[in-house]
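Structure first, commentary second.
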Amino acid sequence: MKLPKSVEIIEVGPRDGLQNEPQPITTEQKKELIARLAKAGYGRIETTAFVHPKWVPQMSDAEEIAKYCNELGINYIALTPNVRGLQRAIEAGAPQVAVFIGASTAFNEKNINKSTKDSLLECEAVFDMAKQHGKFIRAYISMSFTCPYQGDVSFDEVNFVCERFVKLGADEVDIGDTNGHANPKIVYDRFSRLRDLYPDTVFVGHFHDTWKMSLANTLAAMQAGVEKFDTSIGGLGGCPYSPGATGNVATEDVLRMLSEMGIDTGLQFDEVTRLAPFAKSLSTRV
Ligand code: HMG
Ligand code: MG
């Protein structure tokens with residue numbers, strides 16, 4: 001079996017994990033989660049989103065969370081859907097930013113009020129400004145396998161966005177199974193084709209667990225050469241614009257699988273496992 005010696009786990013619990021929670025989670029609770037995660041040894045944590053508070057109220061404290069992350073001195077990623085979001089992230093001092101576009105236009109219209117082509121135009125401006133400010137840019141392609149509004153998503157639709165992201169100079173391209181309906185075969189095929197087309201690009205796997213295949217999908221992506229994965233502590237998560245989708249693959253499950261297979265992550269397994277019940281206690285969905 002072809003496996004990497006080490007893998008980077010990027011914790012997305014504070015952002016993807018909490019964004020869809022219907023009940024208010026206080027800023028203090030979010031800070032506690034982030035501080036405890038920071039102690040477990042993550043190189044990067046996706047902690048907040050500079051999105052419109054009207055659309056995603058749970059992320060309305062993005063400025064305060066960024067300020068806290070700066071005080072902790074951690075390396076964190078903030079979601080920036082447009083130029084306005086990026087301006088807020090720059091002012092708040094976020095070191096890494098994440099843009100996101102769906103491979104399906106139907107999803108983009110729901111998620112960010114724009115078609116795929118218009119989203120890409122806005123993205124160019126975001127890339128330009130982020131580069132001027134020396135930001136590391138993570139570029140998400142959501143709905144890279146299936147979409148709740150259109151059904152199957154073709155490889156060409158994913159590649160249409162990926163090609164633009166690579167040309168714009170993304171530091172990493174994050175392939176999202178937002179819907180959580182992908183299976184190991186399509187994951188292996190899609191990542192293998194992307195890696196053949198863009199051998200110098202760093203790809204990240206981002207799997208939601210709706211159909212309970214996210215661990216299998218993680219393994220399939222590793223077989224295709226992927227060495228970076230987004231996970232969420234306690235399996236929290238979901239996207240407000242992906243109805244029915246459940247949380248991300250649980251960090252503790254991925255860590256157990258990787259450590260049993262002798263793959264290093266640099267994370268403290270016991271610390272992470274101890275944190276999962278606290279993370280779950282913040283959620284009404286897991
Ligand atoms: P919009 O309403 O279409 O924006 O929102 P607009 O450009 O028409 O502007 C309207 C007003 O909003 C203006 O204010 C703007 O300044 C303001 P006014 O002039 O009327 O006073 N505005 C903002 N305010 C604060 N922050 C901003 C911002 N932008 C405009 N960033 C927008 C467009 C994209 C902002 C909105 O649709 C939005 O916030 N959507 C939320 C999308 C979201 O957070 N989705 C979930 C994350 S994606 C995900 O979960 C998938 C992922 O995990 C990967 C995977 O699983 O595949 C990443
Ligand atoms: Mg997600």
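Ligands are counted one by one from 1 in listed order, and the atoms in each one are counted from 1 as well.
Residue side and main chain included, Asp16 places an N/O/S atom under 2.8 Å of the Mg ion (ligand 2). Under 2.8 Å from the Mg ion (ligand 2) lies no N/O/S atom of Cys239, from backbone or side chain alike.
Where the criterion is an N or O separation shorter than 3.5 Å, residue side chain and backbone included, Asp177 fails it with respect to ligand 1. Between Arg15 and ligand 1, at least one N/O pair is under 3.5 Å apart. By the 3.5 Å distance cut-off applied to N or O atoms, Tyr241 is not counted among the residues near ligand 1.
Between Arg138 and Asp230 there is a salt bridge, with a side-chain nitrogen of the basic residue lying less than 4.0 Å from a carboxylate oxygen of the acidic one.
Considering only non-hydrogen atoms, atom 26 (N) of ligand 1 lies nearest to Arg88 out of Arg88, Met143, Lys114. One option in Asn111, Ile112, Asp16, Ile141 has a heavy atom closer to atom 41 (C) of ligand 1 than any other, and that option is Asn111.
Distances from ligand 1 to the non-hydrogen atoms of Met59 include no value under 4.0 Å.
Residue, atom and distance of the protein heavy atom nearest to atom 4 (O) of ligand 1 are Asn82 ND2, 4.9 Å. The shortest contact between atom 24 (N) of ligand 1 and any protein heavy atom is with His52 CD2, 3.7 Å. The closest protein non-hydrogen atom to atom 5 (O) of ligand 1 is Trp55 NE1, 3.6 Å. The protein atom (non-hydrogen) at minimum distance from atom 28 (C) of ligand 1 is Arg84 CG, 3.4 Å.
No option in Glu124, Glu163, Lys131 other than Glu124 meets the side-chain contact (heavy atoms from CB on, under 4.5 Å) test with Leu168.
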